[in-house]
**Q** 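To start, I am sharing the structure in question, which I have written as structure tokens.
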Amino acid sequence: MPRSLWTTPETVVLERRIVDRDEDTLVLGIETSCDETSASVVKGGREILSNVIVSQVDLHGEYGGIVPEIASRAHVEALTPAIGEALRDADLTFWDVDAIAATLGPGLIGSLLVGVAEGKSIAAVLQVPFVGVNHLEGHLYSNLLADQTAEFPAVALIISGGHTMLVHAKGHGDYEVMGGTIDDAAGEAFDKVARFLGLDYPGGPEIDRLSLLGDPTAIHFPRAMLGEGSFDVSYSGLKTSVINYVRKAESRGEQVSVENVAASFQQAVVDVQVTKTIAATKAAGVHRVFLCGGVAANSGLRQGLAEACQRDGFSLHVPPLELCTDNAAMIAACATQMLRRGRTSSLNASPDPNLPLV
Amino acid sequence: MLVLGIETSTPQASVAIGSEQGVIASAMVSRGASYNEFLLPAIRFCLDQAGIDYRNLGGVAVSLGPGLFTGMRVGVATAKALAQALSVPICGMPSLDLVAYEVRYSPRTICVALDARRGEVFTAFYRSSPGGIQRMSPYGIEKPEQLAIGLGSRIEEVLLVGNGALLYKEEFEDLGSVVELGTMSHAFPNAQALVELTVPRMFREDFDSLYDLKPLYLRHSAKRIQWERIRGSRSA
Ligand SMILES: [Zn+2]
């Protein structure tokens, strides 16, 4: 097929609207990488005018985890109303918007496709730039959005059901991945342990709730530190030892305290993540720590990291819950910064489920 | 009124722009680029060839499937976003209707069978009616051998069309002259038929709700099917 036919210059180079003042740039962001459908308008990369998040938790609950096909279907139904509501909340029309941003990856391909298709279509109609955003880079901007004192450079712990990553954010668009998980994401480990314990989906908040009722020192679960200089983490061993502990106790006919198991498991995760984050921050030579992603809602992690940061004289920045979980405001904020650097995508842009941060 | 039509529910994707005077521009690709990479450049191409711009469009038409899930979703998502940004009405049409519409001059009963993968076909029966087609059955999904049995028990002659009919044509060979098989040129739904069928709906203001419009899957997600099977066997 003559591909060149479809890639005439007009389809790529868009009539770039001139924004008089950079701080007035209005970006409509779209986020559909996983199981939240979100649309948001952000002004000047810092002021959230609207941030609509439609959660699919109820749809996936009965399956005990995210079902990609169900997520994709839900995005098709939820995204158009979410965009309409985001504009209404911001008291704007499409024609006020200076650029459209959508998450390009990483994430579930079927889910990403919906957001990218809609974002590109709106950009084509309005003749404004389309900005494809890396979801992980977006998470970094949730911190900048939430807190005007938050600035790069910083070391960010991006922690959720889909990712667990330590990033040295040196400046806008200048990142170094210091470490990640070699198996499960932290949130995934929470969900798997919760499912094993028979808790409701999503399991993370349930474990956090039960932890407050249990003794975190009751059971010693292993902390996989993976060597001195490594900022990587591993959760498969911890998950297995929780399962083994419960099975052994049950085979001996002992009553297992779910609260103590939850608290001890959560403490093990917190210890690992806090140790690695502080070590990475020292190694990077910065004094600011960002905590973002869905697991940032975990009370144990927040408290553990806050204490450790205070001890070492680092400032800790944690966004409010609606910016910790996946949301389109962070995508719009990130896109605003990319626009400043002249980084836009073509209308042929395709999502990449494995898009790397750098 | 200029209507943009989008059809991406089978391996053959197409877009077309037309009015009550007929289609003025179209683009089609078979097993080529991904739907997501094809659509907007193809629409741009049609707009340019027709000498118009997005703002000249008075409505958006989209094929709802049944068909390939990813294609249907990219098509419906794109159509919804275009209609939303342009503030124009949207109409959805089943892919099976589009195939039947193309062979509407046949005196035979029309049976459309589109490949549903996993050894099944999406089906519906039609007969021609003044100015168009009339559907005689619900939209269904079945195995080709089941469809063949159904066709064999019919008294009237049938024209069997669609890529599903061609894919499983040996299933229908024993039915003899009662079943005539359509050719490759009428095997796929296309955006030109979509535009032709939708223009009258646009004039009647028989629009779909932008927020409620969704693809016609005719099949639950694999996970749900598996889940219901487990639940079914437990309760049995
Ligand atoms: Zn995320």
Side-chain angles (χ1 to χ4, degrees), chain A residues 1-8 10-12 28 30 32 60 62-63 65-85 87 93-95 97 100 109-127 130 346-351, chain B residues 6 8 15 27-49 53-55 57 60 69-88 90 209-215 217 219-227 231:
Chain A
M1 190 196 76
R3 283 281 280 267
S4 57
L5 192 64
W6 315 116
T7 54
T8 51
E10 296 92 323
T11 67
V12 178
L28 170 65
I30 293 169
T32 61
H60 303 283
E62 66 173 307
Y63 305 104
I66 295 162
V67 183
E69 175 62 23
I70 291 173
S72 305
R73 292 184 182 194
H75 286 305
V76 175
E77 292 182 46
L79 184 54
T80 313
I83 291 169
E85 202 175 317
L87 287 169
T93 74
F94 278 110
W95 300 96
V97 171
I100 311 294
I109 183 65
S111 293
L112 291 164
L113 265 170
V114 176
V116 170
E118 298 213 17
K120 289 196 303 185
S121 302
I122 294 166
V125 167
L126 304 178
Q127 293 215 309
F130 171 71
S346 87
L347 294 186
N348 294 39
S350 275
Chain B
I6 294 173
T8 53
V15 299
M28 184 271 273
V29 62
S30 213
R31 292 184 293 265
S34 76
Y35 307 102
N36 174 60
E37 285 169 24
F38 162 76
L39 268 184
L40 288 175
I43 293 167
R44 183 77 258 168
F45 169 79
C46 291
L47 290 169
D48 289 347
Q49 295 303 310
D53 198 17
Y54 277 108
R55 272 171 263 191
L57 297 173
V60 176
F69 291 171
T70 299
M72 284 151 58
R73 272 197 284 273
V74 171
V76 171
T78 299
K80 285 174 83 162
L82 292 175
Q84 187 180 29
L86 285 164
S87 297
V88 297
I90 190 167
S209 152
L210 174 67
Y211 283 4
D212 297 333
L213 193 66
K214 56 184 176 190
Y217 293 101
R219 195 186 246 159
H220 290 310
S221 72
K223 187 81 180 183
R224 178 151 169 206
I225 292 167
Q226 185 193 346
W227 199 255
R231 216 177 315 176

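Residue numbers start from 1 in every chain, and the chains themselves are labelled A, B, ... in the order their sequence lines are given, proteins ahead of strands.
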**Q** So how far is it from B:Lys80 NZ to A:Glu77 CD, rounded to the nearest 0.5 Å?
**A** 7.0 Å
**Q** Only pairs of heavy atoms separated by less than 4.5 Å count here; which of A:Ile83, A:Val116, A:Thr93, A:Leu79 has the most with chain B?
**A** A:Ile83
**Q** Taking side chain as everything from C-beta outward and backbone as N, CA, C, O, which of these in B:Tyr211 sits under 4.5 Å from a heavy atom of chain A? Side chain, backbone, both or neither.
**A** both
**Q** Among B:Asn36, B:Thr78, B:Leu39, find the one that has a side-chain contact (heavy atoms from CB on, under 4.5 Å) with A:Lys120.
**A** B:Asn36
**Q** Heavy-atom distance under 4.5 Å to chain B: side chain of A:Ile109, backbone, both or neither?
**A** neither
**Q** Which one, B:Val76, B:Leu213, B:Val74, leads in non-hydrogen pairs under 4.5 Å with chain A?
**A** B:Val74
**Q** Please report the closest heavy-atom contact between B:Arg73 and A:Arg73, naming both atoms and the distance.
**A** NH1-CG, 3.6 Å
**Q** Would you mind checking which part of A:Ala349 comes under 4.5 Å of any heavy atom in chain B, side chain (CB onward), backbone (N, CA, C, O), both or neither?
**A** backbone
**Q** Nearest 0.5 Å please: distance from the CD atom of A:Gln127 over to the OH atom of B:Tyr54.
**A** 9.0 Å
**Q** Do you know which two heavy atoms are closest between A:Ser350 and B:Glu37, and how far apart they sit?
**A** OG-OE2, 3.0 Å
**Q** Just distance, no hydrogens or angles: give the donor-acceptor pairs under 3.5 Å from side chains in residues 81-88 of chain B, sequence neighbours left out.
**A**
from, atom 1, to, atom 2, distance (Å)
B:Gln84, NE2, A:Thr80, O, 2.9

**Q** Do you know which of A:Ser72, A:Pro351, A:Ser121, A:Gly84 has the most heavy-atom pairs under 4.5 Å to chain B?
**A** A:Ser121
